[in-house]
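The basis for the numbers below is simple: all heavy atoms, side chains too, and nothing from hydrogens, waters or symmetry mates.
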Amino acid sequence: MVDQSLQSADMISKIVDKYSNMIYRLAISNVKTKSNADDIYQDVFLRYIKYVRDGGTFDCEEHVKAWFIRVTINCCKSFNTSSWFRRTVALDESVNKSYEENNDTKIDFYNALMKLPQKYRSVIHLFYYEQLSVEQIGNILNVKNSTVRTQLTRARVMLKDILKGEYLDG
């Protein structure tokens, strides 16, 4: 007979391995710094462990992914609106090493993306990096599909203007 705690620890380890990159990328795109993304990352998985230990279940793999995305976005929003965050001044951090690969285009795009408001960064990240459909993003963010399409369009225009400005100034 398999020990129940070992079975659940193994399951949690597999889930962490499967979703860690997605959660970390989403967190860093919303809170902008590596240290804050680390905190969000840890908080999301602690919430997952608590949810599972309290008897929470998921219908399917897509439900698990949607749950992680929703919880990550909620944690980021809570962090960005917390009184602690509003009273601190961030130190300059270099661009996360995972975005650097001696490729100026990736760094320029990352910096441009970080200049967008959070709601636009979220939809861009979910659409392009997580490859979710407009309908899936709308369900996860609890907004209408037309809102998602509008935010994607606005974000693309903003990114184009930011990148055009950087290349014309440079």
Ring-ring centroid check Phe58 Phe68, cutoff 6.0 Å: no

Closest non-hydrogen atom pair, [X] against [Y]:
X      : Y      : result
Asp38  : Tyr24  : OD1-CE1, 3.1 Å
Phe127 : Val134 : CE1-CG2, 4.1 Å
Cys75  : Ile40  : O-CD1, 3.6 Å
Arg47  : Val71  : CD-CG1, 3.8 Å
Ala27  : Thr72  : N-CG2, 4.1 Å
Val123 : Gln151 : CG1-OE1, 3.2 Å

Verdict with reasoning, Met114 to Ser29, per side-chain contact (heavy atoms from CB on, under 4.5 Å): CA-CA 7 Å; Met114 290 299 111; Ser29 75; 4.0 Å; yes

Cluster link Ile23 to Leu46, ILVMFWY, side chain under 4.5 Å: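 Hydrophobic grouping puts Ile23 apart from Leu46.
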
Single-linkage hydrophobic cluster, 4.5 Å side-chain cutoff, Leu116 and Val157 together: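 Different clusters: Leu116 never reaches Val157 through Ile, Leu, Val, Met, Phe, Trp or Tyr contacts under 4.5 Å.
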
side-chain contact (heavy atoms from CB on, under 4.5 Å) between Lys65 and Leu132, worked out: CA-CA 11 Å; Lys65 184 176 181 177; Leu132 297 177; 4.1 Å; yes

Stepwise side-chain contact (heavy atoms from CB on, under 4.5 Å) test for Met158 and Lys115: CA-CA 9 Å; Met158 288 179 187; Lys115 291 179 183 177; over 6 Å; no

Pair Gln131-Leu126, side-chain contact (heavy atoms from CB on, under 4.5 Å): steps then yes or no: CA-CA 6 Å; Gln131 299 176 349; Leu126 294 174; over 6 Å; no

Donor-acceptor side-chain pairing of Arg70 and Asn74 below 3.5 angstrom: yes

Look only at the side chain of [X] and the backbone of [Y], and say whether a donor-acceptor pair between them is shorter than 3.5 Å.
X      : Y      : answer
Ser122 : Lys119 : no
Tyr19  : Lys14  : no
Asn30  : Leu26  : yes

